[in-house]
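Take a look at the structure set out below.
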There are 4 protein chains.
Amino acid sequence: MPKPTFFNLPEEKRQRIVELATDEFAANLYHAASLSRIVERAGIAKGSIYQYFEDKMDLYIYIFGLAAETKLAAIQQAMAALGPSPGVFDILRAAIRAGFELARSNPKLAAIGMNFLRERDPAVRGPVLAAFMPMGEAMMDQWFRTAVETGEIAPWVEPAVARLSYTTLANTAMEHMAEGHMTLDEAARLLEGVVDVLEYGLRPRAEAGGGPEKGGRRQ
Amino acid sequence: MPKPTFFNLPEEKRQRIVELATDEFAANLYHAASLSRIVERAGIAKGSIYQYFEDKMDLYIYIFGLAAETKLAAIQQAMAALGPSPGVFDILRAAIRAGFELARSNPKLAAIGMNFLRERDPAVRGPVLAAFMPMGEAMMDQWFRTAVETGEIAPWVEPAVARLSYTTLANTAMEHMAEGHMTLDEAARLLEGVVDVLEYGLRPRAEAGGGPEKGGRRQ
Amino acid sequence: MPKPTFFNLPEEKRQRIVELATDEFAANLYHAASLSRIVERAGIAKGSIYQYFEDKMDLYIYIFGLAAETKLAAIQQAMAALGPSPGVFDILRAAIRAGFELARSNPKLAAIGMNFLRERDPAVRGPVLAAFMPMGEAMMDQWFRTAVETGEIAPWVEPAVARLSYTTLANTAMEHMAEGHMTLDEAARLLEGVVDVLEYGLRPRAEAGGGPEKGGRRQ
Amino acid sequence: MPKPTFFNLPEEKRQRIVELATDEFAANLYHAASLSRIVERAGIAKGSIYQYFEDKMDLYIYIFGLAAETKLAAIQQAMAALGPSPGVFDILRAAIRAGFELARSNPKLAAIGMNFLRERDPAVRGPVLAAFMPMGEAMMDQWFRTAVETGEIAPWVEPAVARLSYTTLANTAMEHMAEGHMTLDEAARLLEGVVDVLEYGLRPRAEAGGGPEKGGRRQ
DNA sequence: AATGAATGAGAATTCATTCAT
DNA sequence: TATGAATGAATTCTCATTCAT
């Protein structure tokens, strides 16, 4: 959490710091990101950043949070347009569109999220997950849990697993796109195609057994 | 490629170096891994590691190669047991089982592969891909291409995208497991479930249009 | 170019760093000069020198520039005393005297220039020449070009070659002196003698052919 | 001096070592030259070079000596063709031609000499000069001394200075050429032109005073 | 006599963090 | 509250030389 000092800063200066820190964490994983570069580009004193934030991690969590908030807001707005009690696959499609919209309008915010999903060091993942798990993972798990309850998807689908799969695939598609292998439109359509597949594959089937024959959780 | 010096080393010493380097690259992405730590733990002089390898990347590629070889061998053995001309989804299931088997018997080797999939720096990805692409990506792309030709999956499925999706999902599941959230059996069964879904979702359908050709929504 | 930090340093400290760096580059060619030694002698932390300069080359160019400026100022002052439109050989004699004056009053500054003339690595020569060519080589070439135009020296004398010869000879004489084989006065007189010879030898001659046009022998 | 071991080596192996060491010292000044590279390319064991030579300097002096011998032989052969009691300027021209001939036929040997003339570290210059001074400098000094005695050049010309000037100019021209700014022929002709200038400038003049007006040694 | 593995000092450079002003 | 200089440990890599086999 930033120190009070940070919020006493003139708006413009605070903005500049946020912006340049965002740039840095969008372009590099945590350890490769450099505080020195941030303060240098922001034109502030090296020591000042420690007046505003406890340390590098504190700054990172703050920046990550801003990106997460923005994305969450976009998703919730998209969901609000879906009407009452939308299906989980409609939610997913809406979330995808919202996510890609954000990636188009603000690629750096999106990059911060993508980078985090690549983060490996537990010393980095831990604090961030601790801070944001409820906001991200918990929300999605709820979607799937509901979908199972409403019978929209088969009962053998585990929420955490579905969420992880969706997240992973979405991130992969966005990176594939960010690396220039696809246009944003192609990536979005592709991912909606994946949802189609999931929708088709995950829905309860008429077959006896209530799940895929050879795998899945049958206990 | 290691220098000849390395292969002239007493078996035991060579083993120790491989093991400690494997530990290091299993626990850290490339840049976070430290040659200094490796030599320190191995109890050899700073300069000695450069008697064995050209540089850090040379060592990394060697260690990565050992992991890749082991994994490839396991996969090919599993495929050999499938009988003649197996379907792509049977291959995937076999590969998954083999991969998870390896992760059980040698979690560090598996971790090296998982870490690479998180690698972001092109200066790291590039040389490794150059060295191992034929062995990994090219092989998988071929599976999917064949499956399209044999009509096993729908023609709108792009090999590279399918491969990326599969790889990413498998990696995520393995990491999920490696972090202790699932037992190995659970993870394996889960992933086979995903393949079930894919098999069901990707196969050519009788409906008009034959699939999400543009990836668009059909509702 | 030094970083602003460097110029904010207390005068005394800045002086000490300049002095010790000058010592180091006066005593060693670029690659043999050691930043570690400089910081050690200066009693500052290893990392501090990078607060002041971008890198080793940045420091070297700065130190070289100080030496070059000093020498140039001395030469221009000497030239100013020559009266209007002096002949090229008068200029050379003045430059020699000024250079040797400098070598007497500040042998280390002179040594830096002499060392550069011994430098072989293009990675060292390149950046320095790029920064100082106009100040050094271009200026001298102009002297000789003018001298050809005014008919003071024969038209078959190429500016670049004349400049190179003069520079090399002057450098050799100064080094010879710096090594204690001659007194400064002896060296200066000697070099003026060389200029005499050149003046006599290079001037347009009455003989047919006007000089060694092809550089060939005439006997 | 090489150890006896070296001369017991099979001819071919000895040749290879000499050749590759020559390459290395032709391409780099002493400190930049790497024993490691030499033994690596020669395909001999690192330790072996220490069976043949005391240390790096011992090897360098040996290689330098071979180059010096070759050059000296070429010069003496050229001088032998001059007939009895040749003039000093004819000797110089012959020496120049011989030197450039050698640079054409064996650029590496020539490069070793050129590099030495750029050497700065007294720890390098010292031992080499001690070993070869009589062979090189003493010989040339004798030429000029004789020329003064025979009245061929003016008495105010000091042998050591004339030798240094000649050496320096010749080296500069050869380097200029080696860097591709001149063809070998152009360089040779240019240098003979310089000798012309020297011949013209250094010869005893009719003027009173017996030397150049403003400079020269008048004691 | 030959080998070649081992050594360790030394090189340049980067970094997050501290602290006196 | 802001500054920005100072820190020193850490990084990868190179080198001439030694020494047990």
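Throughout, a chain's letter reflects where its sequence line sits, starting with A, and its residues are numbered from 1. Note: hydrogens, waters and symmetry copies are ignored here, and every other heavy atom, side chains too, is used.
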*asked:* Partner lookup for dG10(E), please. Criteria are Watson-Crick or G-U wobble with both distances under 3.5 angstrom; report none if nothing qualifies.
replied: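 Base partner found: dC13(F).
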
*For dT21(F), give its Watson-Crick or G-U wobble partner with both distances under 3.5 Å, or none.*
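Pairing partner, where one exists within any strand: dA2(E).
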
Grab the [atom1]-[atom2] distance between [X] and [N] for me, whole Å please.
{"X": "Leu29(A)", "N": "dC15(E)", "atom1": "CG", "atom2": "C1'", "result": "17 Å"}
{"X": "Glu40(A)", "N": "dT14(E)", "atom1": "CD", "atom2": "C1'", "result": "12 Å"}
{"X": "His31(C)", "N": "dC15(F)", "atom1": "NE2", "atom2": "P", "result": "12 Å"}
{"X": "Leu59(C)", "N": "dT13(E)", "atom1": "CG", "atom2": "C1'", "result": "14 Å"}
{"X": "Tyr30(D)", "N": "dA16(F)", "atom1": "OH", "atom2": "C1'", "result": "9 Å"}
{"X": "Asp55(B)", "N": "dA11(E)", "atom1": "CG", "atom2": "P", "result": "22 Å"}
{"X": "Lys3(D)", "N": "dA2(E)", "atom1": "NZ", "atom2": "C1'", "result": "12 Å"}
{"X": "Ile38(D)", "N": "dC15(F)", "atom1": "CD1", "atom2": "P", "result": "11 Å"}

What's [X] touching, base or sugar-phosphate or nothing? Going by heavy atoms closer than 4.0 Å.
{"X": "Leu9(C)", "value": "sugar-phosphate"}
{"X": "Ser48(A)", "value": "base"}
{"X": "Ala33(D)", "value": "sugar-phosphate"}
{"X": "Tyr52(D)", "value": "sugar-phosphate"}

Are [X] and [N] close enough that a side-chain N or O sits under 4.0 Å from OP1 or OP2?
{"X": "Asn8(B)", "N": "dG4(E)", "answer": "no"}
{"X": "Lys56(C)", "N": "dA12(E)", "answer": "yes"}
{"X": "Thr5(D)", "N": "dA2(E)", "answer": "no"}
{"X": "Ser36(D)", "N": "dT14(F)", "answer": "no"}
{"X": "Tyr50(C)", "N": "dC15(E)", "answer": "no"}
{"X": "Ser34(D)", "N": "dA16(F)", "answer": "yes"}

*Could you please spell out the steps behind the salt bridge (Lys or Arg N to Asp or Glu O under 4.0 Å) verdict for Arg37(D) and Glu24(D)?*
CA-CA 8 Å; Arg37(D) 268 195 302 258; Glu24(D) 185 70 11; 2.7 Å; yes

*From the list dT12(F), dA2(F), dT17(F), which nucleotide is the closest neighbour of the side chain of Lys13(A)?*
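Nearest to the side chain of Lys13(A) among the choices is dA2(F).
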
How long is the straight-line distance from [atom2] of [Y] back to [atom1] of [X], given to the nearest 0.5 Å?
{"X": "Lys108(D)", "Y": "Thr22(D)", "atom1": "NZ", "atom2": "OG1", "result": "8.5 Å"}
{"X": "Leu109(A)", "Y": "Thr70(A)", "atom1": "CG", "atom2": "OG1", "result": "5.0 Å"}
{"X": "Glu12(A)", "Y": "Ile17(A)", "atom1": "CD", "atom2": "CD1", "result": "10.5 Å"}

_dA2(E) base / Gln51(D) side chain donor-acceptor hit below 3.5 Å_ =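 Counting by modelled atom types and ignoring angles, a donor-acceptor contact under 3.5 Å is found here.
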
*Does the distance from a Lys or Arg side-chain N to an Asp or Glu carboxylate O, for Glu175(D) and Arg118(D), drop under 4.0 Å?*
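Yes.
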
*On DNA chain E, nearest-nucleotide positions of Pro4(D) versus Lys46(A): which is more 5'?*
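Checking each residue's closest nucleotide, the 5'-ward one belongs to Pro4(D).
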
*For Arg37(B) and for Phe6(C), locate the closest nucleotide of DNA chain F by heavy-atom distance; then report the residue assigned to the nucleotide nearer the 5' terminus.*
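That would be Phe6(C).
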
*Please figure out whether Gly47(D) or Ile49(A) has its closest DNA chain F nucleotide nearer the 5' end.*
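So the residue in question is Ile49(A).
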
*Give me the ring orientation class for Tyr62(A) and Phe6(A): parallel if the planes are under 30° apart, tilted from 30 to 60°, perpendicular past 60°.*
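Perpendicular: the ring planes of Tyr62(A) and Phe6(A) meet at over 60°.
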
